[in-house]
Novice: 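Here it is, the structure in full.
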Amino acid sequence: MRDLDSFLAEVRARKAQLGLIDTPERTEAMRNRGGRRTPEKRALLRRIDERARAAGLEPIRSYY
């Protein structure tokens, strides 16, 4: 069984071999825009953002 570090190293090597480069623009393009989210999920994401801000943290970007 492989450990996580070995697995991630293999993933990075395969991505480099394929010419896939992780840039902020590429990451943003793959992000789920949430167009089909339920109202419940949107409310959940709002609460997560509010709790992060209340704790003095920058919330993870989410679309709701």
Novice: Assess whether atom CZ of R26 is packed by more than 12 heavy atoms of other residues, nucleotides or ligands within 6.0 Å.
Specialist: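 For R26, atom CZ is crowded (more than 12 foreign heavy atoms under 6.0 Å).
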Novice: Evaluate the side-chain proximity of K15 to I21: yes if any heavy-atom separation is below 4.5 Å, no if none is.
Specialist: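 SC-SC contact between I21 and K15 ruled out.
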Novice: Find the distance between CG (L4) and CG (L8) and round it off to the nearest 0.5 Å.
Specialist: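 Answer for the CG-CG pair, L4 versus L8, is 4.0 Å.
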Novice: Quick check: closest heavy atoms across R12 and D5, and the distance to 0.1 Å?
Specialist: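 Closest heavy-atom pair between R12 and D5: NH2-O, 4.5 Å.
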Novice: Kindly check if the number of other-residue, nucleotide or ligand heavy atoms within 6.0 Å of CZ (R51) is above 12?
Specialist: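 It does not: R51 CZ has 12 such atoms or fewer within range.
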Novice: Count the heavy atoms of every other residue, nucleotide or ligand shown that sit under 6.0 Å from CD1 of I60, and state whether that count exceeds 12.
Specialist: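 Atom CD1 in I60 is not crowded, with 12 or fewer foreign heavy atoms closer than 6.0 Å.
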Novice: Run the side chain to side chain contact (heavy atoms under 4.5 Å, CB included) test on S62 and I48 for me, step by step, so that the C-alpha distance in whole Å, both residues' side-chain angles and the decisive distance to 0.1 Å come before the verdict.
Specialist: CA-CA 10 Å; S62 59; I48 291 170; over 6 Å; no
Novice: Check each of E40, K41, R33 against R37 using the side chain to side chain contact (heavy atoms under 4.5 Å, CB included) test, and report the only one that passes.
Specialist: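 Testing each of E40, K41, R33 against R37, the sole residue satisfying side chain to side chain contact (heavy atoms under 4.5 Å, CB included) is K41.
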Novice: Count the heavy atoms of every other residue, nucleotide or ligand shown that sit under 6.0 Å from CG of L20, and state whether that count exceeds 12.
Specialist: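 Yes - once you tally the heavy atoms of other residues, nucleotides and ligands closer than 6.0 Å, there are more than 12.
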Novice: Taking E28 first and then R31, would you say they form a salt bridge - that is, a charged N and a carboxylate O separated by under 4.0 Å?
Specialist: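 A salt bridge links E28 with R31.
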Novice: Rounded at 0.5 Å granularity, tell me how far CG in L57 sits from CG in D49.
Specialist: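 Here the interatomic distance stands at 11.5 Å.
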Novice: What closest approach, in Å, do R42 and G35 show between heavy atoms, and which atom pair accounts for it?
Specialist: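 Taking R42 first and G35 second, the nearest heavy atoms are NH2-O, 3.6 Å.
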Novice: Could you give the distance from CZ (R61) to CG (L45), rounded to the nearest 0.5 Å?
Specialist: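 The CZ atom of R61 sits 14.0 Å away from the CG atom of L45.
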